[in-house]
Structure formats: C-alpha cells, structure tokens
S.K.: 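The following block contains the structure, expressed as structure tokens.
Order of the sequence lines sets the chain letters (A, B, ...), proteins ahead of strands, with each chain counted from 1. No experiment lies behind these values; they were computed from the predicted model shown.
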Number of protein chains: 2
Amino acid sequence: MSSLKVQIYEQLAELAKMLGSAHRLELIEYVSQGERSVERLAELTGLTVANTSQHLQLLRRGGYVRARRDGKRVLYRLGEGPILELLAALHCYAERNSAEIREIVGDYFGKLDHLEPVTREELLGRLDDGDVTILDVRPEDEFSLGHVPGALNVPLGELEQHLSELPRNHEIVAYCRGPYCILSFEAVAALRARGYRVRRLQDGFPEWKAAGYAIEAS
Amino acid sequence: MSSLKVQIYEQLAELAKMLGSAHRLELIEYVSQGERSVERLAELTGLTVANTSQHLQLLRRGGYVRARRDGKRVLYRLGEGPILELLAALHCYAERNSAEIREIVGDYFGKLDHLEPVTREELLGRLDDGDVTILDVRPEDEFSLGHVPGALNVPLGELEQHLSELPRNHEIVAYCRGPYCILSFEAVAALRARGYRVRRLQDGFPEWKAAGYAIEAS
DNA sequence: TAATCATTCAATTTATATCTTGAATGATTG
DNA sequence: CAATCATTCAAGATATAAATTGAATGATTA
C-alpha cells in the first residue's frame, strides 16, 4: 500500500500520542486559561520544572501550545487551530464510551446537574435584561487573566463566605474552565443546596473566548 | 486539586494513547469499512497475526472496535459512539497545524484536487436527475460489504481497463474510504488527466454510512 | 474424537517514554 | 560585569509499550 498513507497515519499518531498523557492534558487545560510561566505550570500540575518544560516542548512540537519570552520567563499559551474542538471530541467520545469515566462523572456530580446548561447565546441575550448574575468560580489569578464581561469572581473554596453577594431573586449562571472542569458543577451543587437558582454555562471560559465573544481582564 | 479531575484526565489520556500508533489508526480505518477477521487485518496492515490481535484487543478495551465470533474466526467491526468524529477532529487539527502533514498532502495530491469535493447532500440531490455516475474506487471486497447505492465499483488499479464504462458526457463523483484515504484523490487525478469530468465525494464511505444515508450491499 | 484452523495468551526481547538529576543557557538586576 | 533567576539541555535510571516467539484455547471438520 502507498507509503503516503502510512506517513499521514504516523503524523496523526504522533499528534495523538502527545495527548496520551494526563499531565499533558492538564497542561493544555491550564494554558488554555491564559498565558502561564513554566514555573507556574509546574506548581499547578505538581511536576518538577524540568519535567514540565519537557512536556511543554513536546506539546509545542505538536502545535498544541506556543511560547514567548517575557523578561526572564517563558510564557506558554494555547496554540492555534481546533485544539479545543479536538479535546472536546475526545471528551465526548470518552463520555459516551468509557464505562469507567461515566461512572466517575456520574457518581460525583452526575445527578447534580441533569439540568441543561445555559448556552452562550442564551446568556448573551439575557445579559441586557440584567436579570442574570454570572459567576466565575475559577481561582482569582485565572479570573484576572480574562473572564466573561461583568462576571463576579468567587473561587469555589470561598463560596460560603460570599453567599451574601449572590442574588436570591434571579438566576445565577456559573462557569469555570471548560466542559471537563468540575468547579462549576460543584458550585451549582453547593448553591442549589442552599436554595439559589443556578445553572451552569455551556462549556467554560476558554470556549467562550474561542467562540469570539467579548472578554474582560482585570 | 481534586483527584477526580486527575482520574478523568487519565481516562482521556488512555483513550488518546490508543490512537497514538499508526498501525492502530490503520486498523481502525479498515474495520470502519466493515467487519474483518484478524487474519485479514494482519494481511492489510502487514503486521503479524499475534501482534494484530494484541492491537485489536487494546482498541477493544477503548471501545474503538467490537468483536464477534463467526465460526472459527473473530470478526472485528467499528465500535459505537463518535469515533469517526474524533478521528476527523484529529485529522482536521493535523491538517491545519502540522506543517509536515500539509507538505506531504500538498506534494502528492494537493494540487490535484483543489476543487471542492461534492457534499453528500449535493450528491443525493443530483442522484434523481440521473446526470451523475458514482464511482467507488475501493477494492472489491470492501465494496461488497457495503457501498453508496448505485455506485459503480472500479478498484483504483483496474481503472485503465474500465475506462470505457465511464461516461464522458456527465460528471463522475469518486469516493473511497474517508477523508484521509488517498484512493479517490488518485482516481480523480488519473481520470482528469484523461479528460473526464470528475470530482471527489466529501469524505468517504464510512462517513456516508455514519451520516445515516442509505447503503447497498452485494 | 482426532486433526485442523483462527485467535489469543504468556514470556521474552527490543524499543520508546518518562522522570530525575545536575549542569548549561539566556535574560535581567545589582 | 558578576550574581541571580527562569528555563532548557543532556545523561542516566526507571517504567511502559511494541514486536516476536511458541504454546494454549475454542470452534470446526474429517
């Protein structure tokens, strides 16, 4: 058979192989939130700096991340192209097919959010009416790198202390890092248990940004 | 951080890792054409039977393929769920981002088919008019397992001997195994060189089938 | 029931990835 | 220009994956 086909498969396999590591997937998630230094990424993932650097360089070869120098640090960001789409396809397949993953997801927060998420379009439309509060439950540093305009930042761990800031008279829409981030699921569960009207936003911030909607930084 | 997230990433990574081998991607392509025995798949890929079996079992654990016994043989077929979508996303990302793959594709058959492929919808619409010939350039055994209704089967290697069966007065639409199969590209190139009016069908047979359109077996 | 065939299993070798360690590089700061 | 800091490189140790071999299994056929 044509060796051309084999060459193409080898390219595809190489790219797939790069996604075949939980640490690298985690790194991709973090850089998709915004630019991060190697040291920060090492902290977030719990890897050594050298090891983090090696993973990042591998990802860079595959185009999944890009790097730029800023002073003495190197900042990594998400690469170009349909990377989030690829990850979403992987996630979608995993969700439908892997009994284990369905079990994990189901056990921990499956029943807590059977309600359909709010689509980005729906949220945008309701923003003008002012009858909705957007809640960003990511850590503060991620929030400050960029967030949905007008969103209120209350990291998940501090939710209890900030209950008074949340409205009881209209709906809250919570979001986090993306479709396979659990922060917003947990926030929804916690707030519902206290009687708030709250739903999740479809996907998370990276997808909001990728869809071309306005963002705000602080 | 939550170990739940880590568990999910490990699941995703495991599934991605399974796609991280050119041989396994090739196996998935072959089983997506229709059921195949281990021996046949070993022949097609050039691997030993034992090795093929091991790869198939790995893919089975990930749900990418399914197996059933038929007499003394075991027949493998494509698994459930959005597998082709996942591969398409990988392919799409690769095409946009990997300079190497773009080069390979460009060098060998890039210029031969800058013309846009015929969409499935367009082809369906034109079928009734009878002014189009559908050409399936896959090997005979794949054709007999299932094909687009009304298609004419001329495997690529036998194209020259069957030129007389092809119409010169209206358009030919060629298809093969999918978006990253080169058979139809080569068929289009060969026929155009002889003055035929020919275009490629969007993607290939597995996608046609997956999209829910009617198929025919013989 | 013995012989045959296709597939799988188990054990080994070979090849690749991953992580760790310590040194080298490149940019900034005193 | 030396000191410092963040990152990368290079080498080796460990772990994991792939391919090979020959034997075991499970179903069919003589």
S.K.: Taking the side chain of B/K72 as its heavy atoms from C-beta onward, which of C/dT7, C/dT20, C/dT4 lies nearest to it?
M.R.: C/dT4

S.K.: Nearest to the side chain of A/Q54, heavy atoms from C-beta on, is which of C/dC19, C/dC9, C/dT7?
M.R.: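 Nucleotide nearest to A/Q54's side chain: C/dC19.
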
S.K.: If you check the B/K17 side chain, which of C/dT8, D/dA17, D/dT7 turns out closest?
M.R.: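 Taking heavy atoms from C-beta onward, the closest nucleotide is D/dA17.
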
S.K.: Checking A/Y64 side chain against A/M18 main chain: does a donor-acceptor pair fall under 3.5 Å?
M.R.: no

S.K.: Hey, is the side chain of B/R73 poking within less than 4.0 Å of OP1 or OP2 on D/dG26, counting only N and O atoms?
M.R.: no

S.K.: Could you tell me how the ring of A/Y213 sits relative to the ring of A/W208: parallel (under 30°), tilted (30 to 60°) or perpendicular (over 60°)?
M.R.: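 The arrangement is tilted - the two ring planes meet at 30° to 60°.
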
S.K.: By nearest atom, which of the nucleotides D/dA10, C/dT18, C/dC9 is closest to the B/Q57 side chain?
M.R.: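 Of the candidates, C/dC9 comes closest.
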
S.K.: Among C/dT20, C/dT8, C/dA27, which nucleotide sits nearest the side chain of A/R69?
M.R.: C/dA27

S.K.: With a cut-off of less than 4.0 Å, is there a side-chain N or O of A/S53 near OP1 or OP2 of D/dT7?
M.R.: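 For A/S53, the contact criterion (side-chain N or O under 4.0 Å from OP1 or OP2 of D/dT7) is not met.
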
S.K.: For B/S21 and A/E39, take the nucleotide of DNA chain D holding the closest heavy atom to each; which residue's nucleotide lies nearer the 5' end?
M.R.: A/E39

S.K.: Out of C/dC19, D/dC9, D/dG26, which has the shortest distance to the side chain of A/H23?
M.R.: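 Within the option list, the nearest is C/dC19.
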
S.K.: Taking B/E35 first and then B/R68, would you say they form a salt bridge - that is, a charged N and a carboxylate O separated by under 4.0 Å?
M.R.: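 Looking at B/R68 together with B/E35, the answer is yes, because their closest N to O distance falls below 4.0 Å.
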
S.K.: Choose from D/dA19, C/dT18, C/dT7 the nucleotide whose nearest atom is closest to any side-chain atom of B/V49.
M.R.: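 For B/V49, the side-chain atoms sit closest to C/dT7.
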
S.K.: From the options C/dT20, C/dT7, D/dA18, select the nucleotide whose nearest atom is closest to the side chain of A/N51.
M.R.: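 When the side chain of A/N51 is considered, C/dT20 is the closest of C/dT20, C/dT7, D/dA18.
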
